[in-house]
Amino acid sequence: VILLEGAEALGGTLMATEVIFGSGSSLQAELGIEPPLKYQVVREEMEYTNYRSDSLLWGDMVDASGANIDWLQEQGVPFSMVDRYLGVSAFETAHWWENSTGMMMALAMEAKLGELGVTVRTGTRVTELVQDASGAVVGVVGQDVSGAEVGFDAKAVVLATGGIGNDLPYLQEKSGVDLEHASSAFPMIANVGDGLKMALTAGAKETPINLLLTLGVDGFDIRNDITCAGCLQPTLFVNGDGERFMAEDLYLKKLYSLVANAYGSQKSGAYTILDQDYLDLLETRGCYAGILDTMPGDPLPDVRAELEQAVGAEGYRVVFKGETIEDLAADMGADPALLAATVERYNELCATGTDADFGKDAEYLTPVKTGPFYAVHPDLLILTSIGGVHTNRKMQVCDANEQPVPGLYFAGVGGCELYQETYNYQISGGM
């Protein structure tokens, strides 16, 4: 076995994972957790995807998942707990990596590779699959860290190259999603669709790509306070006309992807409204929702400075400001009367404690009263893409006639057909 890694270290986007799905693991038994029945997991996913996913493939995954967790533990991979993943998953099946990062898994598996004598070549980027006259994959060609060409014969090749999170023009071409102002959440990771391109060249059938999305603020990192404040908190959201369009606590119940869908449904754009009282809350009480190493309840001390920095930016603007709501609307390009009416209506709902318009929970009904006011316009932040290459239930890459391309397999998100057009948190860690 030879492992070829294009980056200088193993792990890749594992660094961004927190959990892995497992049902029937020894760890669940030790914790006294009764795993769900197989049909319950499969039904949950079928209903979420309107029965477009393959129930048999999901069944395979559920059947193997508990043993997979046990096997990982046997290899030295440490886990910390099992839960419903921040309360949003349907079952207690989210097995958390120790320190909440998949890099703990990568480090343990790297040590195991050394123990087993597996050849590992980092800094070696594969660029081409080698096929014989029958079309079977019999090797690979690539470049080593010095730029010299290298080649390897193989009985089989497993592509595990992740998605296309860091080649946004190519991702836009393949997904059809407008990514003009999108950015990558992890620009340091070289997931640029190498495996997808090679598999398609080798005769693989192409499948639709969906995106694991969150929201970001142009010019700022996913870990910046302005991203957490302007994209994830259950304050008032309005569209570009100045009209409210959703229950803003959706993120706390379903996390990233559904919120990104809701934002994208507003063709005039969408904005998060922040007043001074809410900024005080974020600086003292802390955020309601976090991301990566920002946890719920963590204060956001830099949010005001980052908002002011963005307000003064030239060119493409994503943060707007006004002493009054009408001033804010003018800066946004929204209808001042409509935005003022929206805020007045929202404040009335906050006063009654019942969101009769969209059903946001009462604890998140915080009025918008104290200026100056800010409006943050989030753009898409790409965590990864999912799908692109057709695989069967044995993870063999298949052609347009549903026949396996001999010798070629795809593991991970590039060949994942468990999900459809929207990433699913009902079964967290299920890729």
Side-chain angles (χ1 to χ4, degrees), residues 13-14 17 19-25 28 35-72 85 88-95 102 105 137 156-164 174-175 191 193 195-196 199-200 202-212 257-258 383-431:
T13 47
L14 270 173
T17 68
V19 301
I20 182 174
F21 170 85
S23 184
S25 70
Q28 282 173 312
L37 297 174
K38 174 180 171 180
Y39 86 86
Q40 293 174 310
V41 178
V42 175
R43 184 176 63 186
E44 190 75 35
E45 178 60 19
M46 291 303 99
E47 291 178 351
Y48 184 87
T49 62
N50 293 317
Y51 284 81
R52 284 193 294 268
S53 294
D54 184 344
S55 63
L56 298 177
L57 179 61
W58 264 98
D60 291 345
M61 199 269 284
V62 176
D63 284 340
S65 62
N68 286 341
I69 299 293
D70 294 349
W71 182 84
L72 286 170
Y85 188 68
V88 303
S89 284
F91 310 104
E92 286 184 274
T93 50
H95 290 64
M105 184 268 212
V137 174
V157 173
V158 180
L159 299 169
T161 53
I164 321 174
K174 291 299 180 183
S175 69
N191 53 342
L196 174 63
L200 293 177
K205 178 182 177 180
E206 191 168 355
T207 62
I209 285 177
N210 75 76
L211 305 181
L212 175 48
S257 293
L258 296 185
L383 294 157
T384 190
S385 65
I386 303 170
V389 170
H390 178 43
T391 56
N392 63 18
R393 290 165 61 191
K394 296 180 179 180
M395 305 311 296
Q396 294 171 293
V397 173
C398 294
D399 62 21
N401 297 315
E402 303 294 327
Q403 297 303 306
V405 176
L408 187 59
Y409 298 77
F410 212 128
V413 294
C416 177
E417 298 198 33
L418 294 171
Y419 294 72
Q420 296 300 320
E421 82 285 345
T422 300
Y423 183 76
N424 180 16
Y425 286 92
Q426 303 295 96
I427 312 296
S428 293
M431 287 189 292

Show your working on side chain to side chain contact (heavy atoms under 4.5 Å, CB included) between Ile20 and Ile69 and close with a plain yes or no. CA-CA 8 Å; Ile20 182 174; Ile69 299 293; 3.5 Å; yes
Closest approach of Ala411 and Met395, non-hydrogen atoms and distance? CA-CE, 4.4 Å
Residue among Val397, Thr391, Asn392 satisfying side chain to side chain contact (heavy atoms under 4.5 Å, CB included) with Pro404: Asn392
Taking the side chain as every heavy atom from C-beta outward, state whether Asn68 and His95 have any pair of such atoms under 4.5 Å apart. no
Atom CG of Asn424 and atom CG of Leu418: how far apart are they, to the nearest 0.5 Å? 10.0 Å
Looking at Gly388 and Thr207, what are the two nearest heavy atoms and their distance? N-OG1, 2.9 Å
Distance (rounded to the nearest 0.5 Å) between Arg52 CZ and Glu417 CD: 13.5 Å
Interatomic distance, Met61 atom CE to Lys38 atom NZ [nearest 0.5 angstrom]: 11.5 Å
Between the main-chain N or O of Tyr423 and the side-chain N or O of Tyr48, is there a donor-acceptor pair closer than 3.5 Å? yes
Is the backbone of Glu92 close enough, under 3.5 Å, to the side chain of Gln28 for a donor and an acceptor to pair up by distance? yes
Go through Lys205 and Cys398 one step at a time and tell me if the side chain to side chain contact (heavy atoms under 4.5 Å, CB included) criterion holds. CA-CA 6 Å; Lys205 178 182 177 180; Cys398 294; 5.8 Å; no
Is there a side chain to side chain contact (heavy atoms under 4.5 Å, CB included) between Glu44 and Ile427? Walk through the geometry before answering. CA-CA 8 Å; Glu44 190 75 35; Ile427 312 296; 4.2 Å; yes
CG of Leu72 to OG of Ser25, rounded to nearest 0.5 Å, is 10.5 Å
Can you tell me how far apart CD1 (Ile164) and CD1 (Ile386) are? Round to the nearest 0.5 Å. 11.5 Å
Taking all atoms of both residues into account, what is the closest heavy-atom pair of Phe91 and Val41, and its distance? CE1-CA, 3.8 Å
With side chain to side chain contact (heavy atoms under 4.5 Å, CB included) as the test, would you mind laying out the steps for Ser257 and Leu212 before giving the verdict? CA-CA 7 Å; Ser257 293; Leu212 175 48; 3.9 Å; yes
Search all heavy atoms of Val389 against all heavy atoms of Ala199 and return the closest pair with its distance. CG2-CB, 3.8 Å
Look at the rings of Tyr419 and Trp58 and say which category their plane angle falls in: under 30° parallel, 30 to 60° tilted, over 60° perpendicular. tilted
Ser23 to Ser65 - nearest heavy-atom pair and separation: N-OG, 3.0 Å
To the nearest 0.5 Å, what is the distance between CG on Asp399 and CD on Glu206? 14.0 Å
Out of Thr161, Ile209, Leu159, Val413, which residue meets the side chain to side chain contact (heavy atoms under 4.5 Å, CB included) rule with Leu196? Ile209
